[in-house]
Amino acid sequence: MGVLLLVVVAYLLVGGTLTTAETVVTAQKDITLMQEARLRTSIIITDPKIDDNTNTLNFNITNNGNEMVSDLPHMDVFSFNTTTGASYGYTHYTYDRYNLGGSGNWSIAGFENDYIHAKQLDSGVNMTIITTFYADSRPDHIQVTTGNGVSAVSPA
């Protein structure tokens with residue numbers, strides 16, 4: 001009976017150790033793949049245009065890296081206003097999937113050179129974004145951050 005208990009305990013310990021090692025190796029592999037994707041990602045902001053009549057800021061994002069940016073709704077869009085009375089001086093815009101145009105929202109207006117993966121930001125693809133800012137926080141600068149943490153900043 002004692003030998004059987006010893007064999008069962010040894011089996012559980014070895015199985016637990018192997019499972020833990022496999023989990024650690026898998027996590028390290030996933031982190032490495034994410035870092036490689038981040039290194040291949042690069043975006044630039046071009047052609048910012050402010051329309052004070054409609055409180056909108058239109059600009060283009062071009063993927064000039066080698067990695068596709070596919071999780072567009074999870075991109076973060078910020079604007080900075082150095083003259084505003086806000087405590088932080090920045091506005092975070094929320095993705096507007098239905099293009100309703102409410103203040104504090106951003107939406108995708110269209111794509112250029114989008115031939116491979118439709119409505120995704122492949123290398124060389126140009127995407128136009130419309131942001132609707134609050135009347136009292138006209139942007140001075142804009143920043144876009146992709147889902148994997150790569151960002152670009154440009155004057156508005």
Side-chain angles (χ1 to χ4, degrees), residues 1-48 57-82 86-100 102-133 137 139-156:
M1 183 68 168
V3 172
L4 181 61
L5 183 60
L6 184 62
V7 169
V8 169
V9 169
Y11 178 76
L12 290 174
L13 285 174
V14 169
T17 302
L18 291 175
T19 302
T20 302
E22 182 181 355
T23 302
V24 168
V25 167
T26 303
Q28 287 176 337
K29 177 182 162 191
D30 291 345
I31 288 173
T32 301
L33 290 174
M34 286 179 8
Q35 289 294 351
E36 287 177 3
R38 187 174 183 179
L39 289 173
R40 292 188 308 257
T41 304
S42 179
I43 59 172
I44 57 171
I45 299 172
T46 57
D47 300 326
L57 167 65
N58 300 342
F59 58 92
N60 296 324
I61 297 176
T62 303
N63 182 350
N64 60 345
N66 294 323
E67 187 71 22
M68 176 179 62
V69 179
S70 60
D71 195 11
L72 299 177
H74 290 109
M75 284 193 336
D76 287 318
V77 177
F78 295 94
S79 71
F80 300 90
N81 183 325
T82 55
S87 58
Y88 298 109
Y90 73 89
T91 302
H92 177 258
Y93 295 90
T94 305
Y95 177 64
D96 179 8
R97 139 184 340 190
Y98 303 109
N99 299 331
L100 299 176
S103 295
N105 292 329
W106 72 272
S107 58
I108 299 170
F111 293 87
E112 291 178 19
N113 303 324
D114 190 18
Y115 305 119
I116 300 173
H117 300 104
K119 298 188 179 181
Q120 295 183 9
L121 200 54
D122 293 312
S123 183
V125 172
N126 188 26
M127 176 176 68
T128 303
I129 288 184
I130 299 174
T131 60
T132 306
F133 56 89
S137 62
D140 296 328
H141 291 80
I142 48 177
Q143 174 180 337
V144 176
T145 305
T146 64
N148 64 1
V150 174
S151 64
V153 178
S154 176

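Remark: of the listed residues M75, K119, M127, R97, M127 is the sole one forming a side chain to side chain contact (heavy atoms under 4.5 Å, CB included) with I108. Checking Y93, F78, Y95 one by one against W106, the ring-ring contact (aromatic ring centres under 6.0 Å, His included) holds for a single residue, Y95. A side-chain hydrogen bond (donor to acceptor under 3.5 Å, both in side chains) with T62 is found for exactly one of N126, D47, N113, namely N126.
At least one side-chain heavy atom of E36 sits under 4.5 Å from a side-chain heavy atom of L33. Proximity of L100 to N105: side-chain heavy atoms (C-beta onward) are nowhere separated by under 4.5 Å. Two residues are said to be in side-chain contact when any heavy atoms from C-beta on lie closer than 4.5 Å; S154 and P48 meet this criterion. Between F59 and V144 there is a side-chain heavy-atom pair separated by less than 4.5 Å. Taking the side chain as every heavy atom from C-beta outward, L6 and Y11 never approach each other to under 4.5 Å. Within the 4.5 Å cutoff, no side-chain heavy atoms of M68 are placed close to those of L121. Between L57 and P139 the shortest side-chain heavy-atom distance falls below 4.5 Å. Side-chain contact between I142 and V77: absent, with no pair of heavy atoms (C-beta onward) separated by less than 4.5 Å.
Taking a 6.0 Å sphere around NE2 of H74, one finds it holds 12 or fewer heavy atoms contributed by other residues, nucleotides or ligands.
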| task | Verify side-chain contact (heavy atoms from CB on, under 4.5 Å) between T91 and N81, making sure each step is shown before the conclusion. | result | CA-CA 8 Å; T91 302; N81 183 325; over 6 Å; no
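Side-chain contact check for N60 and T128: at least one donor-acceptor pair (N or O, by modelled atom type) lies under 3.5 Å. A side-chain donor from one of Q143 and T145 sits under 3.5 Å from a side-chain acceptor of the other. Of the N and O atoms on the side chains of D96 and S107, not one donor lies less than 3.5 Å from an acceptor on the other residue. For the 3.5 Å distance criterion, the side chains of S42 and N64 qualify, holding a donor opposite an acceptor.
With rounding to the nearest 0.5 Å, the separation of CG in L39 from CG in N148 is 9.5 Å. With rounding to the nearest 0.5 angstrom, the CG atom of N63 is 7.5 Å from the CG atom of D122. Here CG of L18 is found 11.0 Å from CG of L13. Values are rounded to the nearest 0.5 Å. For the atom pair OG (S79) and NE2 (H141), the distance works out to 11.5 Å, reported to the nearest 0.5 Å. In this structure, OH in Y90 is found 16.0 Å from CG in D140, a value given to the nearest 0.5 Å. A distance of 9.0 Å separates CG in D76 from OG1 in T146, rounded to the nearest 0.5 Å.
Shown here for Q120 and D114, the closest heavy-atom pair between the two residues is O-OD1, 3.6 Å. A pairwise comparison of heavy atoms in G102 and T132 identifies O-CB, 3.4 Å as the closest pair. The two atoms that bring I43 and A152 nearest to each other are O-CB, 3.5 Å, heavy atoms only. The nearest pair of heavy atoms linking A109 to I130 is CB-CD1, 3.7 Å.
At distances below 3.5 Å, not a single donor-acceptor pair connects side-chain atoms of N66 with backbone N or O atoms of R40.
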